[in-house]
Amino acid sequence: MLAARPRGTGDILPGEVEKWRRLEDLIRRICREYGYAEIRTPVFEHTELFRRGVGETTDIVEKEMYTFTDRGGRSITLRPEGTAPVVRAYVENGLYNRPQPVKLFYVGPMFRYDRPQAGRFRQFHQFGVEVFGSDAPAIDAEVIAMAVDFCARAGLSDLELHLNSLGCPECRPVLREKLAHFFRRREAELCPDCRERLERNPLRILDCKEERCRNAGKDAPTSLGCLCHKCAGHFQSVKRCLDRLQVSYLENGRLVRGLDYYTGTAFEIMTRDTGAQSSIGGGGRYDGLVEACGGPPTPRIGYAFGLERLILAGEKQGTAVPESSAPPVFIATAGEKAGEAAFELLFKLRRAGLPAGMDYLGRSLKAQMKYAGKAGIRFVLIIGDDELARGLAVVRDMASGGQEEVSLEEVAAYLALCLENIPAGERQRP
Ligand code: AMP
């Protein structure tokens, strides 16, 4: 059908878009406080970037990318995540020459050919941060604490922070071998994809969405049991910093992130309020990625949150209050002359910074009042030929029902004062 949107996509309608704007405002506020600068990268990239940056054995690369050949014969992919593009931009634009650490954030649409369900879409939006140039445990803790702070200020409670360390290229082979050994004995229980991944990258099995693989991995060896001395020390320091900040966490030695080359710290924030999709965000260290993209060896840590899941969780926890998008002032008129005068007044009000509207459907005064009531308008200016002759308007406060006559000369100043005096909780957004 021509009039239906593609599966897994969504329209954000007036009434909902205000929640998004509020969340985006919060993101920008928090990023300013924590010292992150915004970066915007293209929505599509060369496919090779994700193959190398995300990893060949990941679900994203194996099954979920929107990849096509463009008219110039290049393989192009709609970005499925934000880290690889930001790292590419960091290298390509020589941001490693800037004072370190470089702290960046992004907000934008991502695309994955996922199976759509509640909280899982094919076009969704992520907010993410990336820190380049520091491998200090304190920066891991800062990034994690910021993620937790963000959730709290978005009004979410009932969250769990899962924390793990995936080790470095030195200790990772030990974990790989232990996991391969463990899953070889359970090969028959695994999904076909995981059977195939068993030798190539057994860690991925821990991240499989299939129930049978989750069950098979319940008692798998944990990465925390395989850490080398240096990684174990780093992990201890991260935990100590979090303790100092009073950020509580659950150690989860089987937590694996969706990208292939995570090193060291990995974390995920879970909620019970998005239905089956319990992860609302997560991240970790990925120290080899800048080098893999052709830059100098540079430590990097970051995370990404799904905005749809944050909004969904907020709604379930009753934190998101729907707002009317109608302007708070409406001019209702009766008679042709009053209509013409109102049209001029409308623009006068707007130029004075007052969001206002009027009737463009030729409705009767009674119908206009009914509309104003339904649209949630706060102040209605009523102008009929009689009021016009006397040079005034009747201003009705729709919340209290009270009304007053105000001269047309003074009505803009009068309304500005009224709007200012509405308590913040009752205020509509312009
Ligand atoms: P990931 O990049 O897979 O670690 O995902 C980070 C976050 O993005 C998740 O915790 C979700 O909140 C969100 N996310 C990932 N995939 C989807 C999807 N298909 N639909 C909606 N949100 C998603």
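Note that ligands are numbered from 1 as they come in the structure, with each ligand's atoms numbered from 1 the same way.
- Contact between E308 and ligand 1 is absent, with no heavy atom of the residue lying under 4.0 Å from the ligand.
- Between G282 and ligand 1, not a single N/O pair is under 3.5 Å apart.
- Of all atoms in ligand 1, numbered sequentially from 1 with element shown, those under 4.0 Å from a heavy atom of D114 are 19 (N).
- For residues 136-155, the set of pairs meeting the side chain to side chain donor-acceptor pair (under 3.5 Å) definition, not counting sequence neighbours, comprises E33-R153, Y34-D149, K103-E142, D140-H234, D140-T265, D140-R285, D149-R153.
- A cation-pi arrangement, defined by a distance under 6.0 Å to the six-membered ring centre and an angle within 45 degrees of its axis, is absent between R186 and F183.
- Ligand 1 has no N or O atom lying under 3.5 Å from any N or O atom of R120, backbone or side chain.
- Looking only at side-chain heavy atoms (C-beta outward), E48 and S75 stay at 4.5 Å or farther from each other.
- Interface of A304 with ligand 1, defined as ligand atoms under 4.0 Å from a residue heavy atom, comprises 6 (C), 7 (C).
- Checking only distances, F305 never comes within under 3.5 Å of ligand 1, N or O to N or O.
- Nearest protein heavy-atom contact of atom 11 (C) of ligand 1 is R309 NH1, 3.3 Å.
- When each atom of ligand 1 is checked for a heavy atom of I280 under 4.0 Å away, the hits are 10 (O), 12 (O).
- Salt bridge present: D207 and R204 bring a charged side-chain N and a carboxylate O closer than 4.0 Å.
- A salt bridge links D397 with R378: the distance from a Lys NZ or Arg NE/NH1/NH2 to an Asp or Glu carboxylate oxygen falls below 4.0 Å.
- For atom 13 (C) of ligand 1, the nearest protein heavy atom (residue, atom name, distance) is G306 CA, 3.6 Å.
- Under the 4.0 angstrom criterion for non-hydrogen atoms, G119 is in contact with ligand 1.
- Annotation: atom 8 (O) of ligand 1 to nearest protein heavy atom, Q126 NE2, 3.0 Å.
- Residue I331 forms a side-chain contact (heavy atoms from CB on, under 4.5 Å) with just one option from V411, L349, I382, and that option is L349.
- Checking F121, Y66, F68 one by one against Y113, the ring-ring contact (aromatic ring centres under 6.0 Å, His included) holds for a single residue, Y66.
- Residue contacts with ligand 1 for E268 are absent, since no atom lies close enough (heavy atoms, distance under 4.0 Å).
- At a threshold of 4.0 Å, the pair K209-D193 does not count as salt-bridged, since none of the basic side-chain nitrogens sits closer than that to a carboxylate oxygen.
- The residue from M110, R257, R112, E81 that puts a heavy atom closest to atom 2 (O) of ligand 1 is R112.
- Here E315 pairs with K19 in a salt bridge; the nearest charged N to carboxylate O distance falls below 4.0 Å.
- Under a 4.0 Å N-O distance rule, the pair R200/E56 does not qualify as a salt bridge.
- Short contacts between ligand 1 and F121, defined as distances under 4.0 Å to a heavy atom of the residue, involve ligand atoms 18 (C), 19 (N), 20 (N), 21 (C).
- Near G281, the atoms of ligand 1 lying under 4.0 angstrom from a non-hydrogen atom of the residue are 10 (O).
- Residues A372 and V380 come closest through the heavy atom pair CB-CG2, 3.7 Å.
- The protein heavy atom nearest to atom 10 (O) of ligand 1 is S279 OG, 2.8 Å.
- Taking any N or O of F124, backbone or side chain, none lies under 3.5 Å from an N or O belonging to ligand 1.
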